[in-house]
*Asks:* 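Handing you a structure now.
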Amino acid sequence: MLGWFRRPMQLLRCPLSLRPRSGEQVPPLTAQVARASNPGGTTAIWVRDRLDGLWCDEDFADWYPRDGRPGLSPAQLATVCVLQFLLGLSDRQAAEAVRCRIDFKYAMAMELDDPGFHHSVLADFRDRLAGDGRADRLLDLALARLKEAGLVRERTTQRTDSTHVLAAVRDLTRLELITEAVRAALEEVAGISPHLLDELVEEDWGLRYGRPVRLGKNPTKPKTRFLATGNDAVRLLEHLYQHGTDRTSGPHVQALRQITVQNYHRDAAGHLRWRTAETESGPGLPPSSRAIVSPYDTSAHKVTVSGPLKSNPTRQHRQNEGFARDDFHIDYDRRQVTCPQGQVSQGWHGPYPTSSPTAAPLIVARFTKSQCRPCPARTQCTSTADSTRTVGFPPRELRDLQLRVRTEQQTPEWKTRYAVRSGVEGTVNEFAHGHGMRRCRYRGQGKAHIQHVLTAIAVNIERLSGLPPAEEAQTPRQPTAFQNYLDQREIPRPKSWRTLGS
């Protein structure tokens with residue numbers, strides 16, 4: 001049955017059906033060799049011995065049609081995916097492990113001479129996971145199996161981190177963004193219709209777009225790069241328009257068109273110009289909520305950040321006695337502050353930058369000695385007899401935001417929502433440093449969610465088995481479609497991204 005998957009093109013010929021295999025046991029020879037070669041056991045062996053493989057084929061019965069060519073066991077593929085993320089393997093490495101590693105064969109109850117499957121099968125299985133909440137159901141099934149094995153007990157509400165990943169993108173400068181957008185569009189065209197690039201791509205294009213772009217914050221000759229990259233983007237878009245392929249082009253070409261408009265404009269003479277924040281010399285930049293920050297995920301924006309805001313830092317508020325800053329009425333239009341006793345400030349200074357780079361600028365309002373000394377409530381404002389009261393506060397926009405957030409933090413709804421986030425630093429550290437969760441393998445929120453689910457199952461397996469994950473050598477990255485195009489036409493390209501910033 002496994003021989004059907006030797007060639008990846010056969011996956012598209014007809015739909016696959018599921019033939020459940022119930023009560024499958026590890027072949028005697030596989031068990032004997034696995035025990036002899038791994039007397040201390042491995043995580044894969046632990047999965048089979050302690051959890052009986054985590055899943056069975058019946059768990060995936062509604063994922064496949066009833067009629068069609070028999071497919072691989074989904075329970076086996078799900079187990080491989082978990083072991084893959086636990087050990088940090090690529091699809092090719094995971095398929096090779098199934099073919100060569102005895103403990104993998106033991107975990108999936110395979111014969112020693114079983115050739116395994118093609119690595120593209122794993123991508124197809126993840127595509128099935130992406131629909132109808134199947135990834136979450138896979139996690140629920142794994143947790144249920146751990147509970148049945150007596151490894152997980154019912155406890156109080158578990159805490160979690162962010163509910164989803166916004167985008168699988170790297171933080172790019174504007175020059176890096178437009179350069180990477182051109183490269184992504186070239187990759188897309190080279191993979192679909194490479195002949196369209198024959199009349200367009202010049203030798204210097206291979207040097208500029210032959211590798212992923214990393215220029216840093218201070219590249220050499222930035223103005224020259226701005227105009228050169230913008231002209232390349234316009235030439236590419238106009239070339240595709242002339243050949244009638246712009247409307248039928250893929251998402252990367254469409255993203256390039258939007259990113260070009262977002263970062264360039266034409267002056268009165270028709271020359272291409274780089275957009276700046278100033279509006280005197282031309283149109284300014286679009287709002288950050290509408291700006292595209294990646295050519296690969298155009299939905300990365302419009303984010304609402306929710307988190308606790310520190311309380312009022314004044315001494316009166318900390319000690320809960322006297323007049324705190326919120327007891328003063330601030331009139332931004334008249335640049336005046338009125339105290340609880342009706343006195344109006346005589347000085348308004350700032351806003352001043354603070355010593356901390358993350359702190360908001362501060363406006364300071366001052367009251368005079370003639371106002372503070374005769375005041376009957378002076379002891380509730382100042383600590384000494386000769387001192388006068390000064391009130392520090394942020395500008396109007398930040399002040400209104402602080403008041404609104406602090407009011408929301410006192411509501412039961414906000415406390416319930418934040419309770420699932422509080423105190424997850426240890427788990428976040430393990431995911432980030434132990435399993436590379438700061439870097440997403442795939443593009444798009446759906447596939448990123450699958451990575452999170454499989455990694456979560458892998459972390460549970462790793463913790464419960466008590467065995468550290470083995471380290472596997474990383475295979476070199478294969479050339480991309482545009483890089484193959486450049487090589488076929490003997491157009492030079494940089495071999496490392498570090499040569500791009502020189």
Side-chain angles (χ1 to χ4, degrees), residues 21 24 26 34 38 41-60 63 71-110 114 116-117 119-130 133-149 151-152 160 427 430-432 434-437 439-442 446-472:
R21 302 179 302 172
E24 186 165 2
V26 180
N38 299 281
T42 66
T43 305
I45 293 177
W46 182 90
V47 168
R48 170 58 61 181
D49 290 342
R50 196 71 174 84
L51 303 175
D52 194 22
L54 269 176
W55 299 281
C56 59
D57 287 344
E58 286 77 3
D59 296 330
F60 307 89
W63 292 25
L72 285 174
S73 165
Q76 288 183 340
L77 294 178
T79 303
V80 172
C81 288
V82 171
L83 295 176
Q84 171 189 6
F85 280 86
L86 189 147
L87 301 175
L89 306 179
S90 65
D91 287 353
R92 294 178 182 270
Q93 291 171 332
E96 182 180 1
V98 173
R99 184 175 65 255
C100 302
R101 288 185 54 160
I102 297 175
D103 57 341
F104 271 58
K105 292 183 180 295
Y106 182 91
M108 292 182 290
M110 298 170 59
D114 197 316
F117 47 78
H119 66 84
S120 61
V121 176
L122 295 175
D124 178 72
F125 181 74
R126 287 195 301 271
D127 289 339
R128 293 181 182 273
L129 276 178
R134 291 172 177 172
D136 294 330
R137 288 165 53 194
L138 189 71
L139 176 61
D140 293 338
L141 289 171
L143 295 177
R145 193 59 51 85
L146 292 173
K147 183 179 178 181
E148 293 173 2
L151 299 172
V152 176
T160 182
T427 303
E430 181 177 356
F431 270 76
H435 296 272
M437 289 298 289
R439 184 173 184 178
C440 188
R441 291 191 178 198
Y442 317 108
K447 292 184 178 180
H449 179 64
I450 294 175
Q451 176 181 347
H452 293 167
V453 169
L454 294 175
T455 305
I457 299 174
V459 169
N460 286 325
I461 297 300
E462 179 185 0
R463 287 179 172 181
L464 296 173
S465 66
L467 294 176
E471 295 184 359
E472 298 287 340

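Quantities reported herein were computed from a predicted structural model and do not represent experimental measurements.
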*Asks:* Any heavy-atom pair between the side chains of F117 and L77 that's under 4.5 Å?
*Replies:* yes
*Asks:* State, with a plain yes or no, whether a side-chain heavy atom of F104 is found less than 4.5 Å away from one of T79.
*Replies:*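 No, every pair of side-chain atoms sits at 4.5 Å or beyond.
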*Asks:* Going from CD on Q76 to SG on C81, what distance comes out if it is rounded to the nearest 0.5 angstrom?
*Replies:* 12.0 Å
*Asks:* I want to check something: taking the side chain as every heavy atom from C-beta on, are L89 and E96 in contact at a cut-off of under 4.5 Å?
*Replies:* no
*Asks:* What are the two closest non-hydrogen atoms of K105 and V98, and how far apart are they?
*Replies:*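 Looks like NZ-O, 3.2 Å.
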*Asks:* Distance from R101 atom CZ to N38 atom CG, nearest 0.5 Å?
*Replies:* 8.5 Å
*Asks:* Can you name the nearest heavy-atom pair linking Q93 to G88, along with the distance?
*Replies:* OE1-O, 4.1 Å
*Asks:* Between L83 and M108, is there a side-chain heavy-atom distance shorter than 4.5 Å?
*Replies:*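 Contact flag for M108/L83 side chains = no.
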*Asks:* Specify the closest pair of heavy atoms between L86 and A458, including all atoms of both residues, with the distance to one decimal.
*Replies:* CD1-O, 3.3 Å
*Asks:* For the residue pair A75 and W55, what are the closest heavy atoms and their distance?
*Replies:*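 That closest heavy-atom pairing would be CB-O, 3.7 Å.
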*Asks:* Would you indicate whether the side-chain heavy atoms of D91 and R126 approach each other to under 4.5 Å?
*Replies:*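 Heavy-atom side-chain distance check passes, below 4.5 Å.
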*Asks:* Hey, does E148 have a side-chain heavy atom less than 4.5 Å from the side chain of L51?
*Replies:* no
*Asks:* Ignoring hydrogens, what is the shortest heavy-atom contact between F85 and Q451? Give both atom names and the distance.
*Replies:* CE2-CG, 3.5 Å
*Asks:* Out of curiosity, T455 OG1 to Q84 CD, how far, rounded to the nearest 0.5 Å?
*Replies:*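 Nearest 0.5 Å value for the OG1-CD distance: 9.5 Å.
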*Asks:* Grab the two heavy atoms, one from A44 and one from D103, that are nearest each other, plus how far apart they are.
*Replies:*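 Looks like CB-O, 3.5 Å.
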*Asks:* Between SG of C56 and CZ of R145, what distance do you get to the nearest 0.5 Å?
*Replies:* 5.5 Å
*Asks:* Please lay out, stage by stage, how L454 and L138 fare under the test side chain to side chain contact (heavy atoms under 4.5 Å, CB included).
*Replies:* CA-CA 9 Å; L454 294 175; L138 189 71; 3.9 Å; yes
*Asks:* Under a 4.5 Å cut-off applied to non-hydrogen side-chain atoms, are W46 and I461 in contact?
*Replies:*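 A side-chain contact under 4.5 Å exists here.
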*Asks:* For the side chain of R134 and the backbone of R128, is there at least one donor-acceptor N/O pair under 3.5 Å apart?
*Replies:*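 At least one qualifying donor-acceptor pair exists.
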*Asks:* How long is the span from the NE2 atom in H449 to the CG atom in L129, to the nearest 0.5 Å?
*Replies:*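 The distance works out to 9.5 Å.
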*Asks:* Should N460 and L143 count as side-chain neighbours, where that means a heavy-atom distance under 4.5 Å?
*Replies:* yes
*Asks:* If you round to the nearest 0.5 Å, how far is CG of L146 from CZ of R50?
*Replies:* 9.5 Å
*Asks:* List the steps, then state whether side chain to side chain contact (heavy atoms under 4.5 Å, CB included) holds for Y106 with D49.
*Replies:* CA-CA 9 Å; Y106 182 91; D49 290 342; 2.5 Å; yes
